[in-house]
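A quick write-up on the structure given underneath.
For ligands, and for the atoms within them, numbers begin at 1 and follow the listed sequence.
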Amino acid sequence: MTDQIYSSITGKKKAGKKSFAVLIDPDKVDQREIAKLVQLGIEAEVDYFLVGGSLVISNHLDEVVKQIKKLGTIPVILFPGAPSQVSRFADALLYLSLISGRNAELLIGQHVISAPLVKQSGLEIISTGYMVIDGGAPTTVSYISNASPIPANKNEIAICTAMAGEMLGMKLIYMDAGSGAERSISESMIAAVAGVIDIPLVIGGGINDPEKAYLNCKAGADIIVVGNSIEKDPSLIMEMSAAVHSVPVRL
Ligand code: 1GP
């Protein structure tokens, strides 16, 4: 197994550079929309495409991944909502354990079931501590996961959860307010968590304007993920990516 993608993520973090990732939900795009997103992504110098969703109903994941790969060189990282969402055509897979919840299935159960399939895929596997933070309204992820999110104002729970994830050997922490969250994660929580871990911190959920993306990076996010607001207005890719990449390098 290579570690090309993870090396690129940690390399950017070491260099003090922030990354911008666009989340593509295979259920919500057709070929024409993918082509447009990839084109905009190339122009905006997007760092990664994340592909996945809490519910992937369609069965064209392979086709979506292949099309993105064919049209450009931006790496594709799978962000699976279920064990079935594995495509060997991607560059890497976030191997998510829902460490903010207490649902054993999503902590380890589904991993056990899908382990042989995931291993056979030959994908680069990035062990990720996935933390769902209350975003103000139930989102698909909070319903599907059947697990309570961390309350938005409980920074100390987020801190301890992220620290535990890092000490368990996870390579990334992904804090997510859920797709289309009413409230994105507070800068104070991002800063608190970034202050106690050395592994890269991914932030997503409800980020709908470039300023928010910028401020989240300033607070300590290493990678910003945006899905919903770009689905609604793809031209936001430009401003969002520029905002993330304009954060001054701090080593
Ligand atoms: C959801 O973090 C991602 O899992 C992105 O959220 O769709 O709200 O941008 P949005």
Can you name the atoms of ligand 1, numbered from 1 with element, that are less than 4.0 Å from a heavy atom of [X]?
X	result
Val226	9 (O)
Asn228	7 (O), 8 (O), 9 (O), 10 (P)
Phe79	4 (O)
Leu23	1 (C), 3 (C), 5 (C)
Gly204	2 (O)

Considering non-hydrogen atoms of the protein only, which is the closest contact for [atom], and what is the distance?
atom	result
atom 3 (C) of ligand 1	Tyr174 OH, 3.5 Å
atom 7 (O) of ligand 1	Ser179 OG, 2.6 Å
atom 8 (O) of ligand 1	Gly180 N, 2.6 Å
atom 1 (C) of ligand 1	Asp176 OD2, 3.3 Å

- Query: Are Leu98 and Val118 co-members of a hydrophobic cluster defined by side-chain heavy atoms under 4.5 Å apart?
  - Reply: yes
- Query: Got Ile77 and Leu94 here, is their nearest side-chain heavy-atom distance under 4.5 Å?
  - Reply: yes
- Would you find more than 12 non-hydrogen atoms of other residues, nucleotides or ligands less than 6.0 Å from Lys12 atom NZ? yes
- Query: So how far is it from Leu23 CG to Phe79 CZ, rounded to the nearest 0.5 Å?
  - Reply: 6.5 Å
- Task: Please say which of Val38, Ile74, Val29 ends up in a side chain to side chain contact (heavy atoms under 4.5 Å, CB included) with Ile68.
- Result: Val38
- Task: Would you mind telling me which of Ile173, Ile223, Asn216 makes a side chain to side chain contact (heavy atoms under 4.5 Å, CB included) with Leu201?
- Result: Ile173
- Query: Looking at ligand 1, does Gly205 have a heavy atom less than 4.0 Å from it?
  - Reply: yes
- Query: Is there at least one pair of N or O atoms, one from Gly227 and one from ligand 1, spaced under 3.5 Å apart?
  - Reply: yes
- Message: Is it the case that the ring center of Tyr95 lies less than 6.0 angstrom away from the ring center of His111?
- Response: yes
- Item | Heavy-atom pair of closest approach, residues Ala221 and Ile224 | CB-CD1, 3.8 Å
